[in-house]
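We count ligands from 1, going down the list as the structure has it; atoms in each ligand are counted the same way. Worth knowing before you read on, the calculation uses all heavy atoms, side chains too, and leaves out hydrogens, waters and symmetry mates.
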Amino acid sequence: MVKKDSPVPIYFQVEEIIKESIDSGKWKKGEAIPSERQFCEQYSISRMTVRQAITNLVNEGILERKRGKGTFVSAGKVLQDLTGITSFTEQMKELGKSPETKVQSFEEISASKQAAKELGLIQGEAMYKIKRTRLADGDPVAYETTYLPCRLFPDLAKIHAEGSIYDYIERQSGMPILYGRQEIEASEAGKKAAEALKIHEGAPVLKIQRTSYTEGDLAVEYTKTVYRGDRYKYVMELERKTSGSFQPFT
Ligand code: GLP
């Protein structure tokens with residue numbers, strides 16, 4: 001029930017009603033919620049108030065709007081474990097989601113200064129530049145630009161990029177990917193990433209850069225990934241490094 005004489009703003013009360021319906025299981029993940037008009041009629045409130053409540057919950061990642069279809073209970077965030085080095089394909093499979101990849105572009109270019117440094121190449125040496133949109137159960141969640149040295153993978157073709165690149169690297173080199181170095185930063189979606197991820201330009205995203213290595217500290221890929229901020233959550237298990245070095249109170 002909405003209490004119009006309450007000091008609590010009406011949009012906030014509507015937010016609470018929606019959250020309660022989700023928490024109680026009345027509206028399940030991925031299901032459509034009633035239309036704005038239905039909310040207006042049910043609670044005798046203005047469309048603007050309903051819209052504000054829904055927008056706030058969309059911004060919190062609790063609801064999502066699908067153009068032309070309505071508003072849905074968000075499918076939830078993909079949890080990525082940061083302690084191990086896994087591929088996108090492996091992460092999705094572990095979560096019971098079906099991975100899919102759209103290759104936006106596949107080209108051979110001369111290594112830029114930064115990519116050369118990351119991959120241990122000579123500046124100007126040939127490398128692949130692959131742009132891919134990664135989907136989980138049909139929803140775009142990540143937009144990646146991957147660089148690989150042509151020298152190590154002379155037969156790499158677009159078709160391989162449609163599947164798991166890690167899988168290809170490991171089979172091709174015969175060596176497992178052993179470790180990676182990763183940088184994470186909060187950022188805003190640029191035009192291309194926004195288009196690929198179906199979000200607004202400027203929407204919050206996580207940007208991750210990873211260089212992956214096989215045996216002998218051989219850098220095999222350097223990838224810049226833009227993850228949808230409302231779809232990704234990182235989990236880290238932290239070990240206390242100073243453990244045991246404290247002086248107990250006496
Ligand atoms: C993750 C990493 C990327 C890596 C990719 C490989 O998304 N952030 O650095 O390139 O996995 O995924 P796949 O083997 O599915 O192509």
Side-chain angles (χ1 to χ4, degrees), residues 77-109 111-112 114-121 127-150 152-153 155-187 189-190 192-193 196-197 199 204-214 217-236:
K77 292 193 176 188
V78 170
L79 288 185
Q80 188 177 333
D81 182 351
L82 269 182
T83 45
I85 181 159
T86 47
S87 70
F88 181 85
T89 306
E90 288 164 342
Q91 286 157 19
M92 293 309 120
K93 286 189 178 160
E94 266 168 33
L95 294 163
K97 293 181 183 283
S98 160
E100 212 187 303
T101 302
K102 284 187 190 154
V103 179
Q104 247 89 38
S105 63
F106 183 98
E107 50 184 336
E108 261 186 62
I109 58 163
S112 63
Q114 195 198 357
K117 192 174 142 232
E118 294 293 337
L119 291 171
L121 304 178
M127 63 176 191
Y128 299 103
K129 179 179 181 184
I130 308 165
K131 292 197 177 215
R132 306 188 293 168
T133 305
R134 319 296 310 257
L135 301 94
D137 285 345
D139 283 334
V141 290
Y143 178 64
E144 299 192 310
T145 309
T146 298
Y147 303 91
L148 302 109
C150 294
L152 296 180
F153 308 103
D155 300 324
L156 182 72
K158 189 177 169 211
I159 189 159
H160 302 125
E162 282 160 7
S164 166
I165 289 224
Y166 269 19
D167 191 48
Y168 180 83
I169 293 174
E170 295 186 327
R171 281 168 196 264
Q172 189 65 25
S173 67
M175 292 191 286
I177 289 171
L178 291 182
Y179 66 95
R181 190 183 170 275
Q182 196 157 271
E183 282 177 20
I184 305 177
E185 60 183 318
S187 189
K192 283 192 179 152
L197 297 173
I199 51 177
V205 292
L206 279 175
K207 274 195 182 164
I208 300 199
Q209 296 188 17
R210 182 192 289 181
T211 307
S212 314
Y213 301 84
T214 57
D217 302 324
L218 183 67
V220 283
E221 67 118 21
Y222 168 55
T223 296
K224 294 182 187 175
T225 309
V226 179
Y227 290 99
R228 275 183 65 148
D230 59 345
R231 282 284 195 284
Y232 253 81
K233 198 174 182 174
Y234 280 81
V235 190
M236 283 181 254

Close N or O approach (D167, ligand 1; < 3.5 Å): no
Backbone or side-chain N or O of S212 under 3.5 Å from ligand 1 N or O: no
Ring geometry between F106 and Y128 (parallel below 30°, tilted from 30 to 60°, perpendicular above 60°): tilted
Pair E221-T223, side-chain donor/acceptor within less than 3.5 Å: yes
M127 and its side chain to side chain contact (heavy atoms under 4.5 Å, CB included) partner, picked from L148, T146, I109: I109
Short N or O distance, R134 and ligand 1, threshold 3.5 Å exclusive: yes
Under 3.5 Å: donor-acceptor pair, side chain of R134, backbone of E144: no
R132-ligand 1 polar pair, N/O distance under 3.5 Å: yes
Result of checking Q104, E100, K102 against T133 for side chain to side chain donor-acceptor pair (under 3.5 Å): Q104
Contact check: T146 vs ligand 1, nitrogen or oxygen atoms, below 3.5 angstrom: no
Atoms in ligand 1 with a heavy atom of T89 nearer than 4.0 Å: 13 (P), 15 (O)
T101 side chain to E162 side chain, donor-acceptor N/O pair below 3.5 angstrom: no
Closest to atom 5 (C) of ligand 1 among F88, Y222, Y227 (heavy-atom distance): F88
Contacting atoms of ligand 1, where contact means under 4.0 angstrom from a heavy atom of E221: 4 (C), 9 (O), 10 (O)
contact_flag T225 ligand 1 heavy-atom lt 4.0 Å: yes
Residues Y147 and S112: side-chain donor-acceptor under 3.5 angstrom: no
